[in-house]
Amino acid sequence: MIAIDDCYKGWICSLFLYHLTKTLTDSCLFNIFRHLERPAEIERLAELKTIVKTERERFVNVILNNTDINNLDELLKFELSKYEAAIQEAAEGGLLIEAHRDFPEPYERWSILQAVFFSSTVLTTIGYGNIVPVTTGGRAFCICFALIGIPFTLTVIADWGRLFATAVSVLGKYLPKIPSLTKFIGKTWFYALSAVLFLCIYLAAGAGLLILWEDDWSFFDGFYFCFITMTTIGFGDLVPKKPNYMLLCTLYILIGLALTSTIIELVRRQYATSWAKLQELSGPMAETLRRLGETAGTGLDYAALQKVLTVSMPKWNTLLTRKDPSNADIAALEALTNAILKEVKEVQNTKPNVLQIVIYESSV
């Protein structure tokens, strides 16, 4: 009950921080990114467009006005290489190479939705790298924004993970058990594989939605993008380009990160439970094992024996008894240790007969 109450307190606190952060960011922070970076973006695209137009017109004029047929090949290679360099720079800068449309911008990189998506990748430490601040003011604000926002966001995600883990633990008590499966692979492995399977289903659902929105993506591309995102790797080689569903994509990422945190929390709880049981078993046996080490002398590795008894015996005794596993394990460990102690004493009490042969050396 205490753990659940603490979890809900943390959830309420995180929810408050999330709504406070969301209110502040919706009102000004996202717009700050847009106001700092959008003018520089417009200026850079206009400059690229001017360069492409100039190189295009010069290329056409040089070819049409050339009267020397002998050096036509060399002139074409030279002028074409300069025009290709301008085209490549414009394409990398975000312009479409369509002269009949005046080399348009395919989408606004620093729109409101794109700024929201960029801010979410900063706060979740994903960082795709497809949209980055280039101005000094934008970079300075990004540093301050990350320093303040990342701890809040990670706190919210961690509390979501603890809340989901508590819900899974409560629901797990009421779900029908599968004795044969849990007996074959173990209870811990069963929960771990179930969590991984659920995460794969969540990634597959995200991939299915992405291939509906992105025309040139395959199912594997969407699954790859979701996996790279949920693990916060964020290569940036595949990033959604259509801004219409950026808010939905941001929500999907936040929930996915919470699910990943849930799996980590479940594994941590299982490990903590196993370690507590191990400490409970090793505590009552410490004195007996110490007496065994003192009786056996220096020939017995006390630490190694303690590790074997406290780790291996619980697994054997769970197959022998089902009534009270903790008491049965402790009783079995004590019985085994006492038997070993008795055998060591009997061996020490039974001293072998020794025949002493004394040889005297004489000078005769």
Side-chain angles (χ1 to χ4, degrees), residues 30-31 33-67 71-121 126-135 138-139 206-226 228-229 234-250:
F30 297 151
N31 289 328
F33 274 117
R34 185 172 185 274
H35 289 318
L36 290 174
E37 295 297 327
R38 182 56 185 170
E41 181 77 7
I42 294 176
E43 183 180 354
R44 185 176 61 87
L45 292 177
E47 182 180 355
L48 290 175
K49 187 181 297 186
T50 302
I51 293 175
V52 172
K53 288 182 178 180
T54 302
E55 291 295 331
R56 177 184 173 86
E57 293 175 358
R58 197 169 64 85
F59 176 75
V60 174
N61 292 331
V62 167
I63 299 303
L64 293 178
N65 297 329
N66 181 52
T67 57
N71 64 345
L72 182 60
D73 294 339
E74 296 296 330
L75 182 62
L76 283 175
K77 292 179 181 179
F78 177 74
E79 296 297 334
L80 184 59
S81 63
K82 294 177 63 177
Y83 181 61
E84 288 174 345
I87 289 294
Q88 182 177 0
E89 184 180 1
E92 293 176 352
L95 290 179
L96 290 177
I97 310 304
E98 297 180 359
H100 63 283
R101 296 178 54 191
D102 195 23
F103 303 101
E105 180 184 3
Y107 62 92
E108 185 180 343
R109 290 194 175 189
W110 286 105
S111 62
I112 294 295
L113 295 179
Q114 290 285 3
V116 171
F117 186 70
F118 168 76
S119 301
S120 66
T121 60
I126 297 175
Y128 293 118
N130 61 319
I131 302 176
V132 294
V134 295
T135 63
R139 290 175 177 176
L209 292 176
L210 286 172
I211 61 176
L212 295 178
W213 294 327
E214 299 290 333
D215 299 332
D216 54 344
W217 282 23
S218 63
F219 178 80
F220 182 77
D221 291 336
F223 191 89
Y224 169 79
F225 165 77
C226 293
I228 294 299
T229 298
F235 288 129
D237 51 347
L238 287 177
V239 180
K241 298 178 181 179
K242 296 181 179 179
N244 297 332
Y245 58 92
M246 284 303 179
L247 289 177
L248 184 60
C249 188
T250 301

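Across Glu79 and Val62, no two heavy atoms sit closer than the pair CG-CG1, 3.9 Å. Between Pro133 and Glu37, the shortest heavy-atom distance links the atoms CB-OE2, 3.3 Å. Between Pro106 and Gly94 the shortest heavy-atom distance is CD-O, 2.8 Å. Taking each heavy atom of Ala90 and Ile97 in turn, the nearest pair found is CB-CD1, 4.4 Å. Scanning all heavy atoms of the two residues, the minimum distance from Pro240 to Leu210 falls at CG-CD2, 4.3 Å. Nearest heavy-atom pair across Val132 and Phe118 is CA-CE1, 4.4 Å.
Between Lys53 and Asp102 there is a side-chain heavy-atom pair separated by less than 4.5 Å. Between Cys249 and Phe117 there is a side-chain heavy-atom pair separated by less than 4.5 Å.
Rounded to the nearest 0.5 angstrom, Leu248 CG and Leu113 CG are separated by 11.5 Å. Between atom CD of residue Glu55 and atom CD of residue Glu89 there is a gap of 10.0 Å, rounded to the nearest 0.5 Å. Atom OG1 of residue Thr135 and atom NE2 of residue His35 lie 13.0 Å apart, to the nearest 0.5 angstrom. Considering OH of Tyr245 and CG of Leu212, their distance stands at 10.0 Å, rounded to 0.5 Å. For the atom pair CH2 (Trp110) and CZ (Phe33), the distance works out to 6.5 Å, reported to the nearest 0.5 Å. Rounded to the nearest 0.5 Å, atoms CD (Glu74) and CG (Leu76) are 9.5 Å apart.
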Any chance you could lay out the side chain to side chain contact (heavy atoms under 4.5 Å, CB included) test for Arg109 and Glu41, step after step, and finish with the verdict? CA-CA 8 Å; Arg109 290 194 175 189; Glu41 181 77 7; 3.5 Å; yes
Between Phe103 and Leu96, is a side chain to side chain contact (heavy atoms under 4.5 Å, CB included) present by the stated rule, with each step listed? CA-CA 5 Å; Phe103 303 101; Leu96 290 177; over 6 Å; no
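Here the side chain of Arg44 pairs a donor or acceptor atom with the backbone of Gly93 at under 3.5 angstrom. Checked by atom type and distance alone, the side chain of Glu98 never pairs as donor or acceptor with a backbone atom of Pro104 at under 3.5 Å.
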Side-chain donor-acceptor pairs of residues 218-226 under 3.5 Å, sequence neighbours excluded:
unit_1 : atom_1 : unit_2 : atom_2 : d
Ser218 : OG     : Asp221 : N      : 3.3
Ser218 : OG     : Asp221 : OD2    : 3.1
Asp221 : OD2    : Ser218 : N      : 3.2
Tyr224 : OH     : Asp237 : OD2    : 3.1

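Residues passing the side chain to side chain donor-acceptor pair (under 3.5 Å) test with Lys82, sequence neighbours excluded: none. The side chain to side chain donor-acceptor pair (under 3.5 Å) check on Arg38 picks up Glu105, Glu108, with sequence neighbours excluded.
Between Phe59 and Tyr83, the ring planes are parallel. Angles under 30° get that label, and only those over 60° would be called perpendicular.
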